[in-house]
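Have a look at the structure below, then the notes.
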Protein chains: 2
Amino acid sequence: MDDAKPKSAAGEPDGPVPKAVVSRLSLYLRQLQQEVREDRQTISSKDLGALLGFTDAQVRKDLAYFGHFGYPGIGYRCDELMTAIKKILGTDQQWPVALVGVGNLGRALLGYKGFSQRGFRIVAAFDMDPHVIGSEIEGIRVYHIDSLSEVARENRIRLGVVAVPSASAQAAAEKLVAVGVEGILNFAPVTISLPPGVRAVGVDLAIELEQLTFSVVSRGEPT
Amino acid sequence: MDDAKPKSAAGEPDGPVPKAVVSRLSLYLRQLQQEVREDRQTISSKDLGALLGFTDAQVRKDLAYFGHFGYPGIGYRCDELMTAIKKILGTDQQWPVALVGVGNLGRALLGYKGFSQRGFRIVAAFDMDPHVIGSEIEGIRVYHIDSLSEVARENRIRLGVVAVPSASAQAAAEKLVAVGVEGILNFAPVTISLPPGVRAVGVDLAIELEQLTFSVVSRGEPT
DNA sequence: TAGATTGTTAATCGATTAACAATC
DNA sequence: TAGATTGTTAATCGATTAACAATC
């Protein structure tokens, strides 16, 4: 018991972590935040799993990638596990985010309250339309895209959100990368290609509806 | 070769289809639409996969769940495969959709051009705020939520989008279900529980950023 | 024809679940 | 203590990839 490489309490996993595990981690966190809000003290893997539609074994296995967070016979302390998962995901600190594109969707994102509560703050928005440049939307300044470099460096921005039309998405992403951004959330319905080392997550609203439509049309398989 | 249950050209799969396959189907469709727009005639599984970051074998296996769409030595005819996938997903027809909640995000969805191009049309919006009820946003009428039943039945609505605050999301979803909606796209950052037979897809913008943050923070594993 | 590429089977790989000793 | 629940190992299950005969 003393020759094995120890895991730190909220520490580094020893191997690579499956992507599916990380996405469940976010769901655990969201649920735990709700439980903490409702003053719940502890929760078992069985209960946490049931709330989200997972098995208890899955919950324990997922968490075990990162350390020993539970108490046999008790379960997990909600606030403690919440804090630990935030640390794992990196959202125990606030991340400054740059938004490119202040059309309909961009504006909605600027006003989205959910970000700040979860560790993100859009600190600046960028566009090419002279009508919006220089204005403030939801208290956030809109700059010309040419100011990206300056503003991004000043604010040490590592995350960007692309909310421009499909035709401009690749170019917008490249500008973000050129300025040191390491992760891009892309709302344009196109695949953007990025240099190795830069991660992208795409959100395509129509695709989400398509997935739903398929499951509605192809009745038969259970949920 | 004549005793096996035949697959129709764009027909029913013989077994259950993994969820991951369906989500890739949407990406194939999106890419094919782009290729068709650029007048490409045919595409091989190798090329289609490369454009999206999948192996050729994966592309062929995914499509083979639903039928024989390719031509050995040639590949797939882009427009033909596009049409076939639309049919599989159920988006060869236009789906009327109800939107509940016309806050920032709801308004952005009302103005989102991507839906109509992909087989969806928001035909009515619902809210509780008397300031917006009766108005038209982006050409779509906003009704009181109490009119949901009437409007939904008139328009034979089977899909709904929930864009209300977290606290109202479960109630909004239940109202949609009560009126016969079979699939719900939920933008509120909470898990909603639905009766069996009703499918839900959740889009949590903060969770997407969290996933990105994790991969940025935990450098090491390749993309 | 030769070259290209499919659909499919078998092999590999990875992820989920079941089971249980260890622990509080 | 007895009961509950963890972390972890082994067993199961499912998904991806490699390989190749069939086909154009």
Side-chain angles (χ1 to χ4, degrees), chain A residues 1 4-11 13-25 27-28 32 40-78 80-81 84 88 221-222, chain B residues 1 4-11 13-25 27-28 32 40-78 80-81 84 88 221-222:
Chain A
M1 231 278 109
K5 219 196 300 171
K7 279 176 194 164
S8 61
D14 24 331
V17 183
K19 228 176 76 181
V21 171
V22 184
S23 80
R24 284 192 297 267
L25 230 45
L27 294 172
Y28 300 151
L32 286 163
R40 182 171 191 160
Q41 301 302 305
T42 66
I43 192 167
S44 64
S45 56
K46 188 150 166 289
D47 288 353
L48 181 53
L51 285 164
L52 296 165
F54 306 129
T55 64
D56 57 332
Q58 178 119 80
V59 172
R60 292 197 301 278
K61 190 120 216 282
D62 286 348
L63 296 175
Y65 274 96
F66 304 96
H68 299 214
F69 305 109
Y71 302 89
I74 309 287
Y76 301 85
R77 295 201 211 290
C78 295
E80 203 176 285
L81 184 55
I88 293 165
E221 309 101 86
Chain B
M1 231 280 107
K5 220 197 296 170
K7 280 176 191 162
S8 62
D14 24 330
V17 182
K19 227 177 76 180
V21 171
V22 184
S23 80
R24 284 192 298 267
L25 230 44
L27 293 173
Y28 300 151
L32 286 164
R40 182 171 191 159
Q41 301 300 305
T42 65
I43 193 167
S44 64
S45 57
K46 187 152 167 286
D47 288 352
L48 181 53
L51 285 164
L52 296 166
F54 307 129
T55 64
D56 57 331
Q58 177 120 78
V59 173
R60 293 197 301 278
K61 189 120 215 287
D62 285 349
L63 297 174
Y65 274 96
F66 305 96
H68 300 213
F69 304 110
Y71 302 89
I74 307 289
Y76 301 85
R77 294 201 212 291
C78 295
E80 204 177 286
L81 184 56
I88 293 165
E221 309 102 87

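Just so we're on the same page: letters track the sequence lines, and every chain starts at 1.
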Using a strict heavy-atom distance below 4.0 Å, which residues from residues 40-52 of chain B are in contact with DNA chain C?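 Contacts with DNA chain C under 4.0 Å: B:S44, B:S45.
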Distance, rounded to the nearest Å, where A:E80 contributes CD and D:dT6 contributes P: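 It works out to 13 Å between those atoms.
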Length of the line joining B:D56:CG and C:dT6:C1', which is rounded to integer Å: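 B:D56 atom CG is separated from C:dT6 atom C1' by 10 Å.
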Please report the closest heavy-atom contact between [X] and [Y], naming both atoms and the distance.
X	Y	result
B:V59	B:Y28	CA-OH, 3.5 Å
B:L27	B:L52	O-CD1, 3.7 Å
A:P18	A:P16	CD-O, 3.7 Å
A:P72	A:G70	CD-O, 4.0 Å
B:F69	B:L63	CE1-O, 3.4 Å
A:S45	A:R60	OG-NH1, 3.0 Å

Return the stems involving DNA chain C, sorted by first number, where pairs are Watson-Crick (N1-N3 with N6-O4 or O6-N4) or G-U wobble (N1-O2 and O6-N3), both under 3.5 Å, and runs are 3 or more long.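 In DNA chain C, stems of three or more pairs: C:3-24 with D:3-24.
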Decide whether A:T42 and A:R77 meet the rule of one side-chain donor and one side-chain acceptor closer than 3.5 Å.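 Distance-only check fails for A:T42 and A:R77.
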Hey, are A:D56 and A:K61 close enough for a salt bridge, meaning a charged N less than 4.0 Å from a carboxylate O?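 Salt bridge: no.
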Apply the test side chain to side chain contact (heavy atoms under 4.5 Å, CB included) to residues A:V21 and A:F66: give CA-CA distance (whole Å), side-chain angles for both, the deciding distance (0.1 Å), then the verdict. CA-CA 11 Å; A:V21 171; A:F66 304 96; 4.1 Å; yes
Taking the side chain as everything from C-beta on, heavy atoms only, tell me whether B:Q58 gets closer than 4.5 Å to B:T55.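 Yes. Closest side-chain heavy atoms under 4.5 Å.
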Can you check each nucleotide of nucleotides 16-24 of chain D against protein heavy atoms at under 4.0 Å and return B for base, S for sugar-phosphate only, - for none, in 5' to 3' order? BBBB---BB
